[in-house]
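What follows is a short report on a single structure.
Quick note: numbers below take in every heavy atom, side chains included, and nothing from hydrogens, waters or symmetry partners.
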Amino acid sequence: MQAVIPEVEAAPAAVSAHPELRRDQHAMALVSSYVPWAASAGMIPVPSVDLAALLVLQLRMLSKLGKMYDIPFMETGVKSTVSAMLGTVLASSAGASLGSLVKVVPIIGTYVGFAAAPGAFAAATYAIGRVFVTHFEAGGTFLNFDPKKTRDYFTAEFEKAKSKSAPAA
């Protein structure tokens, strides 16, 4: 089963209406546009399908960010990087991992999953976007991104985003 992901990105009119915005602000607007889609992925009632949808969304977001920074996107390497970062969240956040896995339990699991997963998925997407925008702004690329070195920053951004109802750029 392949998820159909709509084209999600900042509207060109919005970007041209604010030419005074810096590139990092445009990039964070793009990241923020993916957050609601990530929350929606958390509402998919089938365990592991929700995580697969989240991974697809985040890879698409990173591909778009790469284009903004003229950095070639390499799906294979980026997929393992994003998976490692999500693993950090799943290991450190009971809500994120249980939100997906508890969906296996009939009826009750679905409700608990709907309560936990969307917020965790949205926060993880925001945090991944923030980490990569910061990395790209510092001159980094997908090839020299080190998830181990950014783990603490990612976790801090995840916790910050999780504590907000709607992360702001």
Side-chain angles (χ1 to χ4, degrees), residues 1-15 24-68 73 75-76 78-134 136 142 147 153-169:
M1 178 177 170
Q2 186 171 6
V4 176
I5 308 299
E7 185 72 23
V8 180
E9 58 188 287
V15 172
D24 65 321
Q25 292 171 319
H26 286 292
M28 286 311 300
L30 175 72
V31 169
S32 294
S33 74
Y34 276 81
V35 169
W37 289 102
S40 297
M43 294 172 58
I44 296 173
V46 182
S48 73
V49 173
D50 58 351
L51 291 172
L54 178 65
L55 182 61
V56 168
L57 279 166
Q58 291 173 344
L59 290 174
R60 181 147 181 84
M61 175 184 72
L62 293 175
S63 171
K64 295 284 186 183
L65 285 174
K67 286 180 185 173
M68 287 181 99
F73 179 74
E75 184 175 336
T76 305
V78 176
K79 188 183 293 185
S80 62
T81 298
V82 171
S83 296
M85 293 175 86
L86 286 176
T88 299
V89 170
L90 293 177
S92 66
S93 172
S97 58
L98 291 178
S100 179
L101 297 177
V102 79
K103 292 176 184 176
V104 174
V105 178
I107 301 171
I108 294 173
T110 301
Y111 289 114
V112 172
F114 281 162
F121 283 19
T125 299
Y126 180 82
I128 286 173
R130 171 60 83 187
V131 166
F132 272 93
V133 168
T134 301
F136 293 158
F142 288 114
Y153 179 52
F154 170 73
T155 302
E157 288 297 321
F158 174 77
E159 292 300 327
K160 199 183 323 179
K162 197 169 71 168
S163 69
K164 296 178 183 179
S165 59

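- Heavy atoms only, all atoms of each residue included: Phe154 and Ala127 are closest at CE1-CB, 3.5 Å.
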Evaluate side-chain contact (heavy atoms from CB on, under 4.5 Å) for Val82 paired with Leu62, printing each intermediate quantity in order.
CA-CA 10 Å; Val82 171; Leu62 293 175; 3.3 Å; yes

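- Contact check for Arg60 versus Tyr34: side-chain heavy atoms found under the 4.5 Å cut-off.
- The shortest side-chain heavy-atom distance between Val131 and Thr134 does not fall under the 4.5 Å cut-off.
- The CG atom of Asp24 sits 7.5 Å away from the CZ atom of Arg130 when rounded to the nearest 0.5 Å.
- Ala39 approaches Ala122 most closely through the heavy-atom pair CB-CB, 4.1 Å.
- The closest side-chain heavy-atom distance from Thr81 to Met85 is below 4.5 Å.
- Pairing each heavy atom of Ser33 with each of Pro36, the nearest pair is O-CD, 3.6 Å.
- Listed for the Ser32 side chain is no donor-acceptor partner under 3.5 Å among the backbone atoms of Ala29.
- Taking the six-membered ring where the residue is Trp, Phe142 and Phe136 present perpendicular rings, their angle passing 60° and hence far from 30°.
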Kindly indicate, with the supporting measurements, whether the criterion side-chain contact (heavy atoms from CB on, under 4.5 Å) is fulfilled by Phe73 and Leu65.
CA-CA 9 Å; Phe73 179 74; Leu65 285 174; over 6 Å; no

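- A 4.5 Å side-chain heavy-atom check between Phe121 and Leu51 finds at least one atom pair inside the cut-off.
- In this structure the side chain of Glu157 reaches within 4.5 angstrom of the side chain of Tyr126, judged on heavy atoms.
- For the pair Met28/Val31, a side-chain contact is recorded, criterion being any heavy-atom separation below 4.5 Å from C-beta on.
- Leu55 CG to Asp50 CG: the interatomic distance, rounded to the nearest 0.5 Å, is 11.5 Å.
- A distance of 13.5 Å separates OG of Ser63 from CD of Gln58, quoted to the nearest 0.5 Å.
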